[in-house]
Amino acid sequence: MTTLSLLSSSDIQLSLSEWVKHQRKLCKYSRDELSNKSTVPASTIRRFETTGQISLRQFLLLWQCVDNLDRINNLTKPNTTTSTPTSIKDVLSQ
């Protein structure tokens with residue numbers, strides 16, 4: 001069963017851009033330094049950090065400079081956690 005979310009794709013894009021920007025600053029990279037490391041133009045990094053707009057390929061190039069791509073890849077794996085209980089009986093059985 002799919003759960004309803006009030007988040008839009010734009011909300012997620014901005015959240016991801018804020019996270020990458022935060023990581024960039026933790027790594028002490030300027031936009032130009034990150035551009036050199038990632039091959040993503042600094043102007044694209046600036047646009048991404050302000051609007052959340054970027055291609056998937058460029059996003060992954062940035063991500064691999066500030067974090068491990070395994071974290072993104074793990075999102076494609078089946079969820080092995082138990083389902084959310086829907087009744088008291090479910091809670092007690094777990």
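Residue numbers count from 1 along this sequence. Reckoned from all heavy atoms, side chains included, excluding hydrogens, waters and symmetry mates.
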Pairwise side-chain hydrogen bond (donor to acceptor under 3.5 Å, both in side chains) hits with a residue in residues 16-28, at least two apart: R24-E49
Mind listing the closest non-hydrogen atom pair of G52 and Q13 along with its distance? O-NE2, 3.3 Å
Nearest 0.5 Å please: distance from the CH2 atom of W63 over to the CD1 atom of I72. 4.0 Å
Is a side-chain N or O of T50 found less than 3.5 angstrom from the main chain of R46, in a donor-acceptor match? yes
Start with the C-alpha distance between S38 and L62, add both sets of side-chain angles, then the distance that settles side chain to side chain contact (heavy atoms under 4.5 Å, CB included), and finish with yes or no. CA-CA 6 Å; S38 67; L62 293 178; 3.5 Å; yes
Kindly determine whether L69 and N73 satisfy side chain to side chain contact (heavy atoms under 4.5 Å, CB included), including the steps that lead there. CA-CA 6 Å; L69 282 176; N73 191 48; 6.0 Å; no
Is L60 reachable from L14 through a run of hydrophobic residues whose side-chain heavy atoms are each under 4.5 Å from the next? no
Could you walk me through whether V20 and F59 satisfy the side chain to side chain contact (heavy atoms under 4.5 Å, CB included) test, starting with their C-alpha distance in whole Å, then the side-chain angles of each, then the deciding distance to 0.1 Å, before giving a yes or no? CA-CA 9 Å; V20 170; F59 172 74; 4.0 Å; yes
For S8 and D11, does a side-chain donor sit closer than 3.5 Å to a side-chain acceptor? yes
With a sphere of 6.0 Å drawn around CG of L7, does it hold more than 12 non-hydrogen atoms of other residues, nucleotides or ligands? yes
Should L56 and L34 be counted in the same cluster of Ile, Leu, Val, Met, Phe, Trp and Tyr side chains packed under 4.5 Å apart? yes
Closest non-hydrogen atom pair, I54 against R47: CA-NH2, 4.2 Å
Going by heavy atoms in the side chains, are I45 and S35 under 4.5 Å from each other? yes
State, yes or no, whether a side-chain contact exists between Y29 and K37 at a heavy-atom distance under 4.5 Å. yes
List for me each residue that meets side-chain contact (heavy atoms from CB on, under 4.5 Å) alongside T39, sequence neighbours excluded, and say none if there are none. L61
